[in-house]
Amino acid sequence: MKVHNAEFIISAVGPKQYPEDGLPEIALAGRSNVGKSSLINALIDRKNLARTSSKPGKTQTLNYYKIENLFYFVDLPGYGFARVSKTEKAKWGKMIEEYLGKRETLQMVMQLVDLRHPPTADDIVMYEWLQHFQVPTMVVATKADKISRGQWQKHLKIVKDTFKLKPNTPLHIFSSETKMGKEEVWKEIESHLLMNKEIENSL
Ligand SMILES: Nc1nc2c(ncn2[C@@H]2O[C@H](COP(=O)(O)OP(=O)(O)OP(=O)(O)O)[C@@H](O)[C@H]2O)c(=O)[nH]1
Ligand SMILES: [Mg+2]
């Protein structure tokens with residue numbers, strides 16, 4: 001999908017601030033610094049619409065980006081950042097659970113992992129939680145440019161095995177740096193959005 005219109009809507013801290021227009025939402029989950037905001041920017045061909053940072057844990061809110069007036073990307077705050085207080089962690093948990101567990105317009109979660117490393121304990125908890133609540137999930141293994149092509153399959157297998165990935169969970173390799181995997185990820189998003197009849201004609 002070639003995106004012509006993408007705009008930042010709101011940094012929400014709770015349900016009262018979520019948009020009310022009923023458009024479908026694709027959320028991005030993953031460890032802090034894994035590349036969630038970078039992936040949004042890569043998909044929509046914008047350098048810095050979704051704010052990225054070299055300081056992990058920067059995104060502490062749910063950031064809504066409206067794409068072509070068709071759907072939202074929701075950039076979720078990253079987890080697993082060690083230097084966050086207990087209170088902050090509890091606040092994060094409540095916010096995420098409230099969103100992932102109750103948001104009716106949520107269509108799919110893109111769970112990001114770093115292709116270089118096996119998914120962490122936090123990653124596994126998140127994946128299992130999503131499966132338990134039957135949230136459609138796709139896994140994106142990113143930062144692929146940081147390892148050589150010959151290593152990709154080996155690392156993908158580690159991701160698959162560590163998650164005990166369900167056969168119906170798509171897994172894609174990606175790089176925000178080289179844009180590798182962009183088409184495949186878009187295809188996956190589009191096929192999820194197509195399940196929503198109202199947008200079928202607009203894509
Ligand atoms: N080489 C390479 N670097 C990447 C890639 N994706 C992200 N990065 C870098 O990783 C760092 C973190 O990226 P972000 O997109 O800000 O990560 P995030 O998941 O949004 O992090 P939080 O907002 O803290 O949760 C930045 O310095 C990015 O430039 C990638 O595919 N390849
Ligand atoms: Mg971010």
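First listed ligand is number 1; within each ligand, the first listed atom is number 1.
Among the atoms of S32, some N or O lies under 3.5 angstrom from an N or O of ligand 1. Polar contact with ligand 1: present for G35 (N/O pair, distance under 3.5 Å). Residue D75 places no N or O, backbone or side chain, under 3.5 Å from any N or O of ligand 1.
Every atom of ligand 1 is numbered from 1 in the order shown, and the set under 4.0 Å from a heavy atom of S37 is 15 (O), 20 (O). Contact atoms of ligand 1 toward T142: 31 (O) (distance under 4.0 Å to a heavy atom of the residue). Near S176, with a cut-off below 4.0 Å to any heavy atom, the atoms of ligand 1 are 6 (N), 30 (C), 31 (O). Ligand 1 places these atoms under 4.0 Å from at least one heavy atom of S38: 6 (N), 7 (C), 13 (O), 14 (P), 15 (O), 28 (C). For ligand 1, the atoms lying closer than 4.0 Å to a non-hydrogen atom of G78 are 25 (O).
Classification of the F8-Y65 ring pair by plane angle, with boundaries at 30° and 60°, yields tilted. By the 30° and 60° cut-offs, the orientation of the rings of F73 relative to F71 is perpendicular.
One side chain, E25 or Y99, offers a donor N or O that lies under 3.5 Å from an acceptor on the other.
For the pair L115/I173, a side-chain contact is recorded, criterion being any heavy-atom separation below 4.5 Å from C-beta on.
Metal site remark for the Mg ion (ligand 2): S38 contributes no N, O or S atom at a distance under 2.8 Å.
How far CG of D123 is from CD of Q111: 5.5 Å, rounded to the nearest 0.5 Å.
Between D21 and K66 there is a salt bridge, with a side-chain nitrogen of the basic residue lying less than 4.0 Å from a carboxylate oxygen of the acidic one. Ion pairing of D145 with R116 is absent here, as no side-chain N (NZ or NE/NH1/NH2) approaches a carboxylate O to less than 4.0 Å.
Heavy atoms of S175 approach ligand 1 to within less than 4.0 angstrom.
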